[in-house]
Amino acid sequence: MNSSKTVGLADVAREAGVSLATASRALNSAYGVAAATRERVAEVARRLEYVASPEASRLATGATRSVALVVPHLDRWYFGEMVGGLEEVLREAGHDVLLYHVGDPEGRHAFFEHLPARRKVDAVVVVAVPVTDHERRRLELMGVTIVAAGGQDATYPYVSIDDAAAVRQATEHLLRLGHRRIAMITAVDPDRADQPVHRGRTRGFYEAMVRADVPVDEELVVATTWGGVQAAEAMENLLSVRELPTAVLAHSDEMALGAMRTIRRAGLRVPEDISVIGIDDHPLAELVDLTTVRQPVRDQGLQAAHLLLALLRGERPNLAQKLPTRVVVRSTTATAREKQPSPAHPAPDATSH
């Protein structure tokens, strides 16, 4: 092994032929990894001399040369892209990355209660995790540098997009096409009931509609948790209103895909009967020709890592960095119809399958 090259988790994942998330779960003996896969990843890690914890080689200054990434999901495209960008820059700078999965309330509580006492890292990157005041105080007890990557509402130095601006762009695209009965499927975090209703992406929709002097029909705004299946069920509610929407804006591309499935199963066409637009530019968006608002996910991870490294070096970089988004027009949006058709048949109940 060439000792001049620092081996990162991405190297192990690539050599073992698995995703970054799977490699992490395998090396941490987490659930959901087949025994054969776990053994293969472990063998590759040994062969590449990958060391997950840098404690044995602490510098004389006391620095661990390690960074904790706090991630709510390891198996979703957005978080994989973000972590990939972070890990690439940090690894090249000689830092090891420790992944902390806080995807459920129990794991989240355990992390924020116990990590401050460990003090095993030089810095923490919160990856698209809106933290509570209590969680913020727990992190700050560590006395280390904290940076946020992706959507969040903390007061840390951060790199993200402007979520409200992204949805304004999507809404304005639909308005330019003549749509006035615009529905929105909003995404909410079930573990954060305390969050304001009109925040981030939801706020952007209302702002765009007010600017265009178009009233919002609250019957056309439905909330659900993140996910395509959940959005498909939410779309069923939108097809049961007195007057159908001419367009639907979903808070993510996966949610937009779920909405499209329900629309088509109801005998309606996209975009001839109902236009659909998402947010993110997920890889599947291009495959299904979905109109969306593109956000540079991996670039946010790269920039957040550079921001963190600059802070660790004692520099004074821009502490609030927002990367641009733009509408990518494909085939799921079109000029609004003058008269909306009725569904050919009721949308199927997703829970009955």
Side-chain angles (χ1 to χ4, degrees), residues 3-13 20-21 23-24 27-28 45 48-72 74 79-80 82-102 107-108 110-131 134-150 152 154-160 298-321:
S3 59
S4 65
K5 180 180 182 298
T6 302
V7 176
L9 183 59
D11 298 304
V12 175
L20 189 66
S24 174
L27 292 175
N28 286 285
L48 296 182
E49 299 178 354
Y50 171 73
V51 180
S53 172
E55 286 191 298
S57 58
R58 284 177 179 260
L59 299 179
T61 60
T64 66
R65 302 289 293 179
S66 62
V67 176
L69 304 187
V70 185
V71 186
L74 295 176
F79 296 97
M82 190 77 75
V83 168
L86 283 159
E87 199 270 348
E88 176 184 325
V89 173
L90 294 173
R91 171 172 51 84
E92 290 178 354
H95 292 267
D96 285 325
V97 169
L98 304 179
L99 283 177
Y100 289 88
H101 183 207
V102 294
R108 183 169 178 147
F111 169 80
F112 284 105
E113 290 304 310
H114 299 152
L115 184 63
R118 296 173 183 167
R119 301 179 185 274
K120 293 182 178 180
V121 297
D122 298 326
V124 174
V125 180
V126 182
V127 182
V129 180
V131 299
H134 172 71
E135 292 168 346
R136 180 159 50 245
R137 288 192 295 270
R138 295 296 298 173
L139 283 176
E140 290 167 356
L141 285 175
M142 298 177 64
V144 300
T145 302
I146 303 172
V147 165
Q152 49 81 42
T155 56
Y156 309 124
Y158 69 86
V159 178
S160 70
R298 187 176 182 85
D299 286 350
Q300 291 174 70
L302 295 171
Q303 294 288 357
H306 285 300
L307 170 61
L308 174 61
L309 293 174
L311 291 170
L312 290 175
R313 290 192 297 265
E315 300 172 8
R316 306 182 74 175
N318 177 9
L319 301 182
Q321 302 179 23

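Contacts of E88 classified as side-chain hydrogen bond (donor to acceptor under 3.5 Å, both in side chains), with partners at least two apart in sequence or in another chain: R298. Checked against salt bridge (charged side-chain N to carboxylate O under 4.0 Å, His left out), R137 has no partners two or more places apart in sequence or in another chain. Taking A305 as the reference, L86, V89, L90 meet the side chain to side chain contact (heavy atoms under 4.5 Å, CB included) condition, with sequence neighbours excluded. For R313, the side chain to side chain contact (heavy atoms under 4.5 Å, CB included) criterion is met by L309, A310, E315, not counting sequence neighbours.
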| field | Chi angles and distances behind the side-chain contact (heavy atoms from CB on, under 4.5 Å) call for R108, E135 | value | CA-CA 9 Å; R108 183 169 178 147; E135 292 168 346; 2.8 Å; yes
| Run the side-chain contact (heavy atoms from CB on, under 4.5 Å) check on V126 and V147 step by step: do they pass? | CA-CA 6 Å; V126 182; V147 165; over 6 Å; no
| request: Just do the side-chain contact (heavy atoms from CB on, under 4.5 Å) check on L74 and F79 with the steps written out, would you? | output: CA-CA 6 Å; L74 295 176; F79 296 97; over 6 Å; no
| request: I would like to know whether V12 and L20 meet side-chain contact (heavy atoms from CB on, under 4.5 Å); could you show each step before the answer? | output: CA-CA 8 Å; V12 175; L20 189 66; over 6 Å; no
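At distances below 3.5 Å, at least one donor-acceptor pair connects side-chain atoms of E87 with backbone N or O atoms of L9. Distance alone, capped at 3.5 Å, is enough to place a donor-acceptor pair between the D122 side chain and the R65 backbone.
A heavy-atom distance below 4.5 Å is not found between the side chains of V71 and H101.
Atoms OH and CG, from Y158 and L319 in turn, are 10.0 Å apart once rounded to the nearest 0.5 Å.
Paired with V70 under the rule side-chain contact (heavy atoms from CB on, under 4.5 Å), one option of V124, L99, V131 passes, and it is V124. For the side-chain contact (heavy atoms from CB on, under 4.5 Å) with V67, the lone residue among V121, V144, V125, T145 that qualifies is V125. Just one residue in the list E140, R138, H134 forms a side-chain contact (heavy atoms from CB on, under 4.5 Å) with R136, and that residue is E140.
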